[in-house]
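First comes the structure, then the notes that go with it.
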Amino acid sequence: MGCFTFAKCVMVVVSLLIFVAGASMVAIGTWVHIDGGSFIKILVPFMTNYIRHANVPVFFICLGSVMVLLGILGCCGAKKESKFLLIMFFSIIMIIFISEVAAGVIILVYSRDAKDFLSSWALPGLMTYGKEEVFTDLWNSTMISFRCCGFNNYTDFSESYFYEQNGLLYPPTCCRTPAGYPCVEETALFSHVVGCYKKIVSLVQRNIILVSAIAIGIAGIEMAAIAMAIYLYCYLDDKAT
Ligand SMILES: *[C@@H]1O[C@H](CO)[C@@H](O)[C@H](O)[C@H]1NC(C)=O
Ligand SMILES: *[C@@H]1O[C@H](CO)[C@@H](O)[C@H](O)[C@H]1NC(C)=O
């Protein structure tokens with residue numbers, strides 16, 4: 001078997017895998033979107049609050065659709081030896097790859113300013129906690145999942161809509177008291193519930209190896225796909241002339 005035939009086979013198999021993964025994501029996303037997540041509820045109880053948001057399934061559906069498209073382009077491009085389809089496949093993966101690298105660089109370069117940036121977005125928003133449902137729900141999910149309170153600490157909720165509407169109480173996650181007990185300022189102070197920013201940052205730091213491994217793995221697969229598309233294209237180009 002020649003090099004070209006081998007590369008063609010690998011390309012077809014990899015594209016089929018991408019296609020199947022993408023199609024599954026579309027299917028699960030659609031199911032959750034329609035069904036409201038009763039299936040996910042069984043699998044990952046703590047994620048139910050996130051999954052309930054319309055955006056998460058829609059994100060899955062979009063990502064899955066792009067993967068389905070890539071799978072079809074790669075598979076047909078290799079099987080039919082079509083330079084046009086290979087170019088399309090190459091362009092889409094290249095765009096994704098460049099955006100990921102750009103996002104990675106921005107995160108690395110600006111990670112020191114991340115806290116200021118995020119707090120300038122989160123703190124004013126917390127004032128409307130209890131008023132805007134989507135935002136409140138997002139914070140509820142985050143605080144319950146990560147067992148944290150506010151951005152820095154419970155004081156972020158002082159002067160919030162929730163605080164004023166509920167007779168100067170903080171959200172229940174800000175106190176380590178049995179459910180039903182009111183979360184007043186004193187209890188919140190003594191509970192020392194960590195702010196969500198600190199909690200999430202330390203979670204990422206503790207799992208930094210896993211996070212990097214996933215990032216490197218994804219980048220590796222993309223580079224391999226890019227290299228393969230270039231190889232097939234050049235081979236077909238040579239053959240044509
Ligand atoms: C968020 O949590 C608070 C406190 O438990 C609750 O009163 C509120 O109804 C919840 N809001 C949403 C949108 O889930
Ligand atoms: C809450 O966080 C703010 C901002 O980081 C800080 O100034 C304040 O001292 C903290 N309060 C308590 C009670 O931890």
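Here, residue 1 is the first one in the sequence, and each next residue gets the next number. Counting starts at 1 for both ligands and their atoms, in listed order.
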Smallest separation among heavy atoms of K8 and L232, with atom names:
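It is N-CD2, 4.0 Å.
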Give the residue, atom name and distance (to 0.1 Å) of the protein heavy atom nearest atom 6 (C) of ligand 2.
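Checking every protein heavy atom, the shortest distance to atom 6 (C) of ligand 2 gives N153 ND2, 4.2 Å.
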Top protein contact for atom 4 (C) of ligand 2, by heavy-atom distance
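I find the closest protein heavy atom is N152 ND2, 3.8 Å.
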Report the relative orientation of the aromatic rings in F135 and W121; use parallel for angles under 30°, tilted for 30 to 60°, perpendicular for over 60°.
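Answer is perpendicular, since the angle exceeds 60°.
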Could you label the plane-to-plane angle of the Y231 and F4 rings as parallel, tilted or perpendicular, counting under 30° as parallel and over 60° as perpendicular?
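Tilted.
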Those atoms of ligand 1 less than 4.0 Å from some heavy atom in Y129:
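In order of number, 1 (C), 2 (O), 3 (C).
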Taking 4.0 angstrom as the limit and counting only heavy atoms of N140, give me the atoms of ligand 1 inside it, by number and element.
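The atoms of ligand 1 under 4.0 Å from a heavy atom of N140 are 1 (C), 2 (O), 3 (C), 8 (C), 10 (C), 11 (N), 12 (C), 14 (O).
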More than 12 non-hydrogen atoms from neighbouring residues, nucleotides or ligands closer than 6.0 Å to NZ on K83, yes or no?
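Yes - once you tally the heavy atoms of other residues, nucleotides and ligands closer than 6.0 Å, there are more than 12.
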More than 12 heavy atoms from other groups under 6.0 Å of CD on E100
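Yes, enclosed.
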Contact partition for P172 relative to ligand 1, non-hydrogen atoms under 4.0 Å
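Within the 4.0 Å criterion, P172 contacts ligand 1 through side-chain atoms alone.
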Proximity to ligand 1 by part of F135, non-hydrogen separation under 4.0 Å:
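It is neither part, as no heavy atom is under 4.0 Å.
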Contacting atoms of ligand 2, where contact means under 4.0 angstrom from a heavy atom of T155:
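With T155 as reference, the close atoms of ligand 2 come out as 1 (C).
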Atoms in ligand 2 with a heavy atom of L189 nearer than 4.0 Å
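Under 4.0 Å from L189, ligand 2 has these atoms: 13 (C).
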Are any of the N/O atoms on T136, whether in the backbone or the side chain, positioned under 3.5 angstrom from an N/O atom of ligand 1?
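No, T136 has no N/O under 3.5 Å of an N/O on ligand 1.
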Does the distance from C196 SG to C149 SG come in under 2.5 Å?
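Disulfide absent: SG-SG distance not under 2.5 Å.
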I'd like to check atom 14 (O) of ligand 2 in this structure: does the protein have a heavy atom lying under 4.0 Å from it?
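Yes, at least one protein heavy atom sits under 4.0 Å from atom 14 (O) of ligand 2.
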Give me the one residue out of Y154, W139, Y170, F157 that meets ring-ring contact (aromatic ring centres under 6.0 Å, His included) with Y129.
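Of the listed options, the one satisfying the test is F157.
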